[in-house]
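Below, chain A is the first sequence line, B the second, and so on; all start at residue 1. Just the heavy atoms: all of them, side chains too, but no hydrogens, waters or symmetry mates, feed the values below.
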There are 2 protein chains.
Amino acid sequence: MAGRPPKPRTGSEAELPRVEAVERALALLACFREGRTHLTLKELADAAGLYASTVLRLSGSLERSGYLRREADGRFRLGPAVLPLARIYRLGSPLEGIIRPALQDLARETGETAAFYTREGEARLCLYRVNGPRPLRSHLEEGSLLPLALGASGHVLSVWSGIGHPREAAIRAAGHAVSRGERDPDSAAVAAPVFGADGRLLGALGLSGPITRFDAAAVPRLAGLVQAGAARLSAALRAG
Amino acid sequence: MAGRPPKPRTGSEAELPRVEAVERALALLACFREGRTHLTLKELADAAGLYASTVLRLSGSLERSGYLRREADGRFRLGPAVLPLARIYRLGSPLEGIIRPALQDLARETGETAAFYTREGEARLCLYRVNGPRPLRSHLEEGSLLPLALGASGHVLSVWSGIGHPREAAIRAAGHAVSRGERDPDSAAVAAPVFGADGRLLGALGLSGPITRFDAAAVPRLAGLVQAGAARLSAALRAG
DNA sequence: AATAATAATTCTGTCCAGCGGAATTTTAAT
DNA sequence: ATTAAAATTCCGCTGGACAGAATTATTATT
């Protein structure tokens, strides 16, 4: 008697429809950064490349909905409505239950901080992280946006997502990337790619810590563990 | 030689400008809930009260910007772009440094879980929480949206934000609210209002735990501590 | 105080982007 | 095959959003 939910149109990659005003509004939200948490109207307009009057109109709706707040001094900042979104995102993420345990294993085996990154536009986003047990350890927060150009995980994401990379051949051959003192002069990292069920790049599994613990003697072992962990993750995702 | 940022137009409360499409798009994001993390197009359209074709158009832009993801089976879920927003919101929040220490004090003094809620539309939002030390304790997450009608903190927010409340007079007179077995049959809570520098309600300071530890003998002491904590917070906000 | 410089906000005519609804296609159950 | 429900495409009309000028507010400087 009944029909049931069809799959969405086969991946004809037909242009995704769009609504200008919505994308502009979201672009406003993306203007806030670490260290740029409060912005004046002009700063916001400049950062987004929009007219101030346009920003004011858009911000009206963002404010109503709780995504933006306006301080007494007139400066904008993000509103509390973003918190529930982040929570629901995590609850709905199928990766949560698979990746976090893997990070825990890796952090325990190595004593360093383990993290999982995905590419988000021209940046990499720390989706999950588990701190290592050592007192001196890499400090990192979930939800952080970091440059794609710097750090082992950034290299991995660049290479396997098809952006060019100066050391592409070497990294592909090794199956992992190493960075020493790139993003922070005292830190180092090792990372390897994780692939989804469809064989496409999902993200990078990374290990980071003080540069003194990532010397020539230690890196091969760490790299081996990271690569093994990434391979196990990819296999689990293929299965599950 | 120069002029400097003026305050925004005096609070004439002139209608905040708006952009329909933006508010509709944000309403789509708000349709996702705990337990409703994956929605089909129809579910989403019904929940938002919009035409499916409209949802499809709006979702295009949300998807491009990373706020929405579409699974292989066609269902929508929130995208990773919401994570950085939540992080930046926290970084920019002036309350962070004042409220969290207060919660820690309260949790230590009482052994129970302390939390700070604000009203967000017809719900209350858990902005901060600090777990108590006891093994059996109230479990709660930052970013959770809870009903305004249930729980001590909900009562406090209702009473002091000017919504009617059946026990309004009693709660106002006491300066705090108590709830036993409302949201969860085995839990209880005590809460008191926190006011900002301008004297307006900022949120509710709440303490929650197993109902067996919130009996007639214990509640007066807990209520006193919560009220004292809330008063100290309000004073600190007036000063700082 | 007066002035100058700049930021914030309001206002408005024009035009196109977004809306809704119908039509079509896809999917799955019978 | 047939049917029913969901997903998607299509398109004409219209109202809402845009750009930019004009106005107002605020503060540094003289």
Side-chain angles (χ1 to χ4, degrees), chain A residues 1-29 31 36 38-65 67-77, chain B residues 1-29 31 36 38-65 67-77:
Chain A
M1 149 191 26
R4 281 295 160 68
K7 277 180 196 154
R9 278 295 160 75
T10 37
S12 67
E13 277 313 334
E15 204 58 40
L16 210 52
R18 63 194 309 172
V19 177
E20 279 270 332
V22 173
E23 292 181 27
R24 289 177 172 187
L26 298 177
L28 287 183
L29 297 181
C31 290
R36 310 220 54 186
H38 295 251
L39 299 174
T40 67
L41 176 61
K42 184 162 199 331
E43 288 171 336
L44 199 50
D46 290 347
L50 297 172
Y51 285 85
S53 57
T54 301
V55 171
L56 214 52
R57 203 156 9 87
L58 293 169
S59 71
S61 286
L62 291 168
E63 223 176 318
R64 283 167 187 278
S65 307
Y67 288 82
L68 220 52
R69 271 284 160 83
R70 193 130 199 213
E71 304 281 354
D73 64 2
R75 292 186 308 167
F76 291 95
R77 69 182 191 90
Chain B
M1 157 198 9
R4 280 297 160 67
K7 277 180 195 153
R9 275 298 161 76
T10 38
S12 67
E13 277 314 333
E15 205 58 38
L16 211 53
R18 63 194 310 173
V19 177
E20 278 269 334
V22 173
E23 293 182 25
R24 289 177 170 189
L26 298 178
L28 286 184
L29 297 181
C31 291
R36 311 219 51 183
H38 295 251
L39 299 173
T40 66
L41 175 61
K42 183 158 199 334
E43 288 172 336
L44 199 51
D46 290 347
L50 297 172
Y51 285 82
S53 57
T54 302
V55 171
L56 215 52
R57 204 158 4 90
L58 292 169
S59 72
S61 285
L62 290 168
E63 223 177 317
R64 282 166 188 277
S65 306
Y67 287 82
L68 221 49
R69 272 286 161 79
R70 194 131 198 214
E71 305 281 354
D73 64 2
R75 292 184 308 165
F76 291 95
R77 67 181 193 92

Task: Carboxylate-amine/guanidinium contact A:Glu23 B:Arg64, below 4.0 Å - done: yes
- [ ] Select one nucleotide: of D:dA7, C:dT10, C:dA8, the one nearest the side-chain heavy atoms of A:Thr40.
- [x] C:dA8
TODO: Give a yes or no on whether the backbone of B:Leu62 and the side-chain of B:Ser59 come within a donor-acceptor separation of less than 3.5 Å.
DONE: no
- [ ] Specify the separation, in whole Å, of atom CG of B:Leu56 and atom P of C:dT26.
- [x] 15 Å
Open item on the list: Rounded to whole Å, how long is the line connecting atom CG of A:Leu39 with atom P of C:dA7?
Closed with: 15 Å
Open item on the list: Please pick, from D:dA6, C:dA8, D:dT8, the nucleotide with the shortest atom-to-atom distance to any side-chain atom of B:Lys42.
Closed with: D:dA6
TODO: Could you tell me which residues satisfy side chain to side chain contact (heavy atoms under 4.5 Å, CB included) with B:Ala47, sequence neighbours excluded, listed by chain and number?
DONE: B:Cys31
Task: Interatomic spacing from CG in B:Leu26 to OH in B:Tyr67 - rounded to 0.5 Å - done: 9.5 Å
Task: B:Arg24: partners by side chain to side chain contact (heavy atoms under 4.5 Å, CB included), with sequence neighbours left out - done: B:Glu20, B:Leu50, B:Thr54, B:Leu58
Task: Rounded interatomic separation in angstrom, taking CD from B:Glu71 and C1' from D:dA7 - done: 17 Å
Task: Rounded distance in Å - CZ (A:Arg75) to C1' (C:dA8) - done: 15 Å
Task: Gap between atoms CZ and P, on A:Phe76 and C:dA7 respectively (whole Å) - done: 15 Å
TODO: Evaluate side chain to side chain contact (heavy atoms under 4.5 Å, CB included) for B:Glu71 paired with B:Arg77, printing each intermediate quantity in order.
DONE: CA-CA 8 Å; B:Glu71 305 281 354; B:Arg77 67 181 193 92; 2.5 Å; yes
- [ ] Find the distance B:Leu41:CG to C:dT27:C1' and express it as a whole number of Å.
- [x] 14 Å
Which atoms of nucleotides 16-20 of chain C (N or O only) lie under 3.5 Å from a protein N or O atom, and what are those distances?
from: C:dG18; atom 1: OP1; to: A:Glu20; atom 2: N; distance (Å): 2.4
from: C:dG18; atom 1: OP1; to: A:Ala21; atom 2: N; distance (Å): 3.2
from: C:dC19; atom 1: OP2; to: B:Arg57; atom 2: NH1; distance (Å): 2.3
from: C:dG20; atom 1: OP1; to: B:Arg24; atom 2: NH2; distance (Å): 3.4
from: C:dG20; atom 1: OP2; to: B:Thr54; atom 2: OG1; distance (Å): 3.0

TODO: Send over the distance from B:Glu63 CD to D:dT8 C1', rounded to a whole Å.
DONE: 14 Å
TODO: Nearest whole angstrom, please: distance from the P of D:dA6 to the CG of B:Asp73.
DONE: 15 Å
